[in-house]
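All remarks here apply to the structure that follows.
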Amino acid sequence: MAPQTRRTSFPKVVIERDSDSERSSSEDEEEGEEDEDNREEEEAERGENEEGEEEEALENKNRERKAEGLDAKKKGKAPITLSLKKVCKVCKKAGHEAGFKGATYIDCPMKPCFLCKMPGHTTMTCPHRVATEHGVIPAPRRNTRNSLEYVFERQLRPDILPIKPTFVIPDQVNCAVIRYHSRRVTCLEFHPTNNNILLSGDKKGQVGVWDFAKVHEKMVYGNVHSCIVNNMRFNSTKDDSVYAASSDGTISCIDLETGISLSLMNLNPDGWQGPSNWRMLYGMDVHSEKGLVLVADNFGFLYLVDTRSNNKIGEAVLIHKKGSKVVGLHCNPVQPDLLLSCGNDHFARIWDMRRMEAGSSLYALAHKRVVNSAYFSPLSGSKILTTSQDNRLRIWDSIFGDLDSPSREIVHSHDFNRHLTPFRAEWDPKDPSESLAVIGRYISENYNGAALHPIDFIDISTGRLVAEVMDPNITTISPVNKLHPRDDVLATGSSRSLFIWRPKEKSEPVEQKDERRIIVCGRAEKKRSRKFGDESDDDSDDGKFTSKGTKLKSNKPERNLTRCPSKVKR
DNA sequence: ACGTAATGTACCC
DNA sequence: TGGGTACCCTTACG
């Protein structure tokens with residue numbers, strides 16, 4: 001076999017040594033004999049490695065090589081691992097390093113800004129960066145000369161008064177189930193009539209029903225789906241069951257009392273036929289008037305299911321680019337025949353349900369990247385709010401106006417990360433002005449030495465950050481959030497845990513707070529941590545929360561925080 | 001204090 | 001068009 005071929009089949013071996021990747025991208029000064037050694041070794045190996053070697057052999061080689069390296073170190077010989085020179089883990093260049101410095105993340109200056117995606121500055125100096133208080137100096141506005149480039153600058157301007165100075169923000173954790181799910185939470189839904197029931201879906205396909213007023217009344221139904229629950233929706237005419245769309249290709253109708261689910265549709269009746277055939281269901285909504293469940297798959301198709309007969313109606317319609325995932329569907333709350341869809345083809349589209357055929361969308365709302373969610377405003381249905389992976393929220397103020405471009409784009413950190421449930425900005429269904437939205441934040445802020453990821457309340461009519469809420473115990477990112485349809489309550493799904501937030505003034509003082517309102521689930525472990533995310537007490541959910549409780553009390557008095565930018569002196 | 005697995009999207013050819 | 005691969009702030013676990 002030609003050495004060249006072999007060489008290309010050996011990248012792993014070479015890459016075992018940190019230095020090689022460094023060398024490839026930067027001119028190293030301090031390489032010398034070691035490099036010689038390496039080359040010799042490579043040659044030697046190439047010689048002895050005969051044709052027909054397969055991956056297994058490669059693996060073995062890898063192992064041998066590692067062992068050799070260790071031996072060499074032990075004997076004091078020049079180890080295979082070369083220079084320990086620090087390079088940036090992002091761009092692999094020397095001279096700077098990206099990563100956490102304490103609780104503050106330093107961006108790689110060679111890359112476009114992690115927040116607004118514009119080149120020339122980093123998150124720290126980004127004009128869109130949320131200003132902070134508590135002694136943290138707001139970012140200097142160094143790039144204002146280019147301000148025209150920025151679609152919308154969410155800078156704090158003292159001259160703009162908050163629209164809702166009296167707005168009630170649920171900013172204090174009222175109760176929680178820690179490690180309730182065994183995989184991360186993917187969606188949340190409040191019960192339509194019972195004010196205290198929260199439904200949660202997870203990546204494993206399980207569905208949780210939690211009565212957060214009784215706190216300990218909770219249930220996780222394990223046999224609902226075999227993988228990710230992407231969306232859940234109630235039928236407004238029936239509140240004892242909920243529909244769920246899953247990546248297993250089925251829609252289920254789950255009885256909340258028993259957990260027994262009925263499958264309405266299965267797109268993979270023949271089981272696994274390879275990834276190019278496996279259909280997954282993402283976007284879903286219920287058209288109550290017509291008794292329909294609308295659901296869309298990962299290949300761009302929309303399906304309609306009759307909720308009375310539980311039968312699929314008609315043929316699937318291609319509503320987004322063929323082969324692309326449709327992640328969101330929303331029927332207009334006033335005129336449910338008006339459908340809003342969004343997906344991985346970077347578009348949100350408006351459709352007339354009465355005339356559904358491929359290519360017949362009324363409008364196509366262009367985005368720069370994948371659109372995680374698109375919702376009509378909850379009351380009038382005349383506004384549209386989308387969350388896109390280009391770190392921008394987009395707002396169309398009126399569906400009757402000019403839809404060619406959004407009325408506003410708000411830069412906000414909610415990047416895609418394959419390990420996180422995609423962020424979705426959610427309307428506050430109680431806000432009569434339809435201007436308040438909630439969305440978790442990806443990038444962290446250094447709060448007293450802890451990197452926390454707040455949940456942001458944004459006035460989408462101005463771009464103003466109305467409040468950012470966080471809890472020192474929640475160190476994980478909170479991509480899933482939902483505001484209660486009637487109460488001043490925020491539900492958060494963060495990793496495997498659920499949190500219920502209420503306004504501080506309505507909550508009891510922390511000192512008197514009943515520790516049993518924080519339930520710890522999950523496997524027993526030896527380690528104990530002060531963080532919710534790492535929480536690991538024991539299996540009990542009967543209120544044994546003493547160690548945690550102590551921790552909480554020993555925390556700084558200001559346990560829960562709301563930062564309101566309007567208070568920031570600038 | 002590590003290392004690692006899980007595993008979506010973009011972008012390349 | 002499709003497969004291969006890189007990838008910036010994850011999280012939990014061993």
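Keep in mind it's a predicted model, so treat the numbers as computed, not measured. Chain identifiers are assigned alphabetically (A, B, ...) following the order of the sequence lines, protein sequences preceding nucleic acid strands; residue numbering begins at 1 within each chain. Scope of the values below: all heavy atoms of this structure, side chains included, with no hydrogens, waters or symmetry mates.
- Put simply, NE2 on A:His414 is 15 Å from C1' on C:dC9, counting in whole angstrom units.
- No contact: A:Pro275 has no heavy atom under 4.0 Å from any strand.
- Remark: side-chain polar atoms of A:Asn391 are paired, donor with acceptor, to backbone N or O of A:His414 under 3.5 angstrom.
- The salt bridge (Lys or Arg N to Asp or Glu O under 4.0 Å) check on A:Asp285 picks up A:Arg233, with sequence neighbours excluded.
- Using a 4.0 Å heavy-atom distance criterion, A:Ile477 is classed as a sugar-phosphate-only contact.
- What separates CZ of A:Phe423 from P of C:dT10 is a distance of 11 Å, to the nearest Å.
- Residues forming a ring-ring contact (aromatic ring centres under 6.0 Å, His included) with A:Phe114 (at least two apart in sequence, or on another chain): A:Tyr442.
- Ring geometry for A:Tyr105 against A:Phe100 counts as perpendicular: the plane angle is over 60°, on a 0 to 90° scale with 30° as the lower cut.
- The A:Leu420 side chain lies nearest to C:dT11 when the options are C:dT11, C:dC9, C:dA12.
- Every side chain to side chain donor-acceptor pair (under 3.5 Å) that A:Ser373 has, sequence neighbours left out, goes to A:Thr387.
- Note on residues 100-120 of chain A: pairs passing salt bridge (Lys or Arg N to Asp or Glu O under 4.0 Å), not counting sequence neighbours, are A:Lys117-A:Asp415.
- The side chain of A:Thr476 approaches C:dT11 more closely than any other nucleotide in the set C:dT11, C:dC9, C:dC13.
- Regarding A:Ile474, its CD1 atom lies at a distance of 18 Å from the C1' atom of C:dC9, rounded to whole Å.
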ask   = Could you write out DNA chain C as a dot-bracket string, with dots for unpaired bases, | for bases paired across to another strand, and Watson-Crick or G-U pairs counted at under 3.5 Å?
value = .||||||..|||||
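- Applying the side chain to side chain donor-acceptor pair (under 3.5 Å) criterion to A:Arg279, with sequence neighbours excluded, gives A:Asp297, A:Tyr303.
- OP1 or OP2 of C:dA12 has at least one side-chain nitrogen or oxygen of A:Ser495 nearer than 4.0 Å.
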remark   = Scoring nucleotides 8-13 of chain B by protein non-hydrogen atoms under 4.0 Å (B base, S sugar-phosphate only, - none) yields BSS---
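- Looking at residues two or more places apart in sequence or on another chain, you find a ring-ring contact (aromatic ring centres under 6.0 Å, His included) between A:Tyr375 and A:His330.
- The residue A:Tyr442 sits close only to the backbone: its heavy atoms come under 4.0 Å of sugar-phosphate atoms, none of a base.
- One can place OH of A:Tyr180 at 17 Å from P of C:dA12, the figure rounded to the nearest angstrom.
- Taking the side chain to side chain donor-acceptor pair (under 3.5 Å) definition, one finds that A:Thr104 meets it with A:Asn446, sequence neighbours left out.
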